[in-house]
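Read through the structure below, which is laid out as structure tokens, and then see the notes.
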Amino acid sequence: MKRKLISSFIILFFLTISANAQIGVGYNTDGNTLALSYSPADSRIWGEFRVNTRDYSQSDWLHSDRGITQVYCLASLFTSNGIGFYAGGGVGINLLSTGNEKWFSINVPLGLKLNPFSKFPDLYLFGEYNPMFIAEDNIPIIHSISAGFRIPLTNK
């Protein structure tokens with residue numbers, strides 16, 4: 001039994017060494033949102049984790065608090081002349097907010113990304129519309145409209 005466990009760890013270790021990952025960071029203006037991405041530049045599909053540090057500016061209601069943690073799966077739909085259109089889906093939960101009421105949302109981001117700088121080929125600027133549908137009665141949608149950037153920290 002011990003031998004199988006050690007063999008499994010060795011195989012897992014070699015698989016991990018051969019894996020290539022690209023981690024990136026991002027910033028969205030609305031909600032002063034910080035993002036951590038997996039494969040944001042080269043992949044057609046990438047994952048992203050976001051946390052807003054202030055209220056969303058397009059929402060004047062109390063559920064637009066800070067500390068909403070969000071997880072996304074985003075996909076590049078098409079790219080033409082250096083401009084790409086992407087969409088995706090995700091969920092948000094106000095885990096880090098100061099209020100006692102907890103809720104979750106279903107989020108559907110749509111955006112355009114472009115790379116205007118030849119000296120920084122992995123720096124992407126973007127504009128995004130992200131409606132957040134709260135899964136509670138009588139709560140309006142958070143409409144998040146923001147601009148921002150994404151840049152990889154590691155290369156493949």
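Since this is a predicted model, take the numbers as computed values, not measurements.
- Rounding to the nearest 0.5 angstrom, the gap separating the CD atom in Gln70 from the CD1 atom in Ile93 is 10.5 Å.
- Distance check, rounded to the nearest 0.5 Å: OH of Tyr124 to CD1 of Ile151 gives 11.0 Å.
- A heavy-atom distance below 4.5 Å is found between the side chains of Leu114 and Ile83.
- Here the straight-line distance linking atom CG of Leu74 with atom NZ of Lys113 works out to 9.0 Å at 0.5 Å rounding.
- The aromatic rings of Tyr86 and Phe126 sit perpendicular, their planes meeting at an angle over 60°, well past the 30° parallel limit.
- Once rounded to the nearest 0.5 Å, the distance linking CG of Asn115 with CZ of Arg150 reads 13.0 Å.
- Leu36 and Val91 are not part of a single hydrophobic cluster, where members link through side-chain heavy atoms under 4.5 Å apart.
- When all heavy atoms are compared, the tightest approach of Asn107 to Gly92 is ND2-N, 3.7 Å.
- What you find for Ile141 and Met132 is that their closest heavy atoms are CG2-O, 3.4 Å.
- Phe85 CZ to Thr79 OG1: the interatomic distance, rounded to the nearest 0.5 Å, is 11.0 Å.
- There is no side-chain donor-acceptor pair under 3.5 Å between Ser146 and Glu128.
- Listed for the Asn28 side chain is no donor-acceptor partner under 3.5 Å among the backbone atoms of Gly148.
- The minimum heavy-atom distance linking Ser105 with Ile134 is given by the pair CB-CD1, 3.6 Å.
- Residues Cys73 and Ile45 come closest through the heavy atom pair SG-CG2, 3.8 Å.
- In this structure, Asp30 CG and Tyr129 OH are separated by 11.5 Å, a value rounded to the nearest 0.5 Å.
- For Arg50 (side chain) and Ala35 (main-chain N/O), no donor-acceptor pair under 3.5 Å exists by modelled atom type.
- The nearest pair of heavy atoms linking Trp46 to Glu48 is NE1-OE1, 3.7 Å.
- Taking the side chain as every heavy atom from C-beta outward, Thr33 and Tyr27 never approach each other to under 4.5 Å.
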Evaluate Thr53 against Asn32 for side-chain hydrogen bond (donor to acceptor under 3.5 Å, both in side chains), listing each step before the verdict. CA-CA 6 Å; Thr53 60; Asn32 202 28; 2.9 Å; yes
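- Heavy-atom minimum distance, Pro116 versus Leu125: CG-CD1, 3.7 Å.
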